[in-house]
Amino acid sequence: MAMELLLLGRPIPARRAYDIGFVNDLVPPGGQLEAGKAMARALAANSADVVGNLKHLTLDVLGETPSQQHYAVRRREEAMMQGPDAEEGLRAFREKRRPDFTRR
């Protein structure tokens, strides 16, 4: 699903994002702030020591930290955005036409 979203660039409904695990919860429109605050209160009520250790344990199991992953992704994005196809894609978007890519 991630590859489909990245390569096709199609938006997906919130329900689909929830079903595939891209979002943790669905809330009624306008309820995002209260839902976030409720989650923060629940987290704050837990042992800071346990939460910290669980966070580190999870990151150890998953491998690279999100910051490390973000840096690697940013390097790839920057390289991609400097090519002629990126320029053509942006120009076509502004001109509301299909892009004419030269590098396939």
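What's counted below: heavy atoms across the whole structure, side chains too, no hydrogens, waters or symmetry copies. Since this is a predicted model, take the numbers as computed values, not measurements.
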(message) Apply the hydrophobic cluster definition, ILVMFWY joined by side-chain contacts under 4.5 Å directly or through others, and give me every member besides Ile20.
(response) Met1, Leu5, Ile12, Phe22

(request) Return the set of residues passing side chain to side chain contact (heavy atoms under 4.5 Å, CB included) with Val73 (not counting sequence neighbours), or none when no residue passes. (result) Glu77

(message) Gln69: which residues meet the side chain to side chain donor-acceptor pair (under 3.5 Å) condition with it, sequence neighbours left out?
(response) none

(message) Minimum heavy-atom separation for Gly89 and Pro99, please, with both atom names.
(response) CA-CB, 4.2 Å

(request) Starting from Leu26, walk the hydrophobic network (Ile, Leu, Val, Met, Phe, Trp, Tyr; side-chain heavy atoms closer than 4.5 Å) and list everyone else you reach, by chain and number. (result) Tyr18, Val23

(message) Suppose we screen for side chain to side chain donor-acceptor pair (under 3.5 Å). Which residues come up paired with Gln68, at least two apart in sequence or across chains?
(response) Thr65

(request) Identify, with sequence neighbours excluded, every residue that meets side chain to side chain contact (heavy atoms under 4.5 Å, CB included) alongside Ala40. (result) none

(message) With a 3.5 Å distance limit and no angle check, can you tell me whether Glu88 reaches the backbone of Phe101 through a side-chain donor-acceptor pair?
(response) no

(request) Only counting residues at least two apart or in another chain, list the ones meeting side chain to side chain donor-acceptor pair (under 3.5 Å) with Glu95. (result) Arg97

(request) Mind jotting down which residue pairs meet the salt bridge (charged side-chain N to carboxylate O under 4.0 Å, His left out) criterion with at least one end in residues 37-57? Sequence neighbours excluded, please. (result) Glu34-Arg41

(message) Running the 4.5 Å side-chain criterion over Ile, Leu, Val, Met, Phe, Trp and Tyr, what cluster does Val51 land in, apart from itself?
(response) Leu43

(message) Using side-chain heavy atoms (C-beta onward) and a distance below 4.5 Å, is Arg76 in contact with Met80?
(response) no

(request) Keeping to residues at least two apart or across chains, list the salt bridge (charged side-chain N to carboxylate O under 4.0 Å, His left out) pairs with something in residues 1-16. (result) Arg15-Asp19

(request) Give me the other members of the hydrophobic cluster that Leu8 sits in, counting Ile, Leu, Val, Met, Phe, Trp and Tyr linked by side-chain heavy atoms under 4.5 Å, directly or via other members. (result) none

(request) Look at atom CG of Asn46 and say whether more than 12 heavy atoms of other residues, nucleotides or ligands are closer to it than 6.0 Å. (result) yes

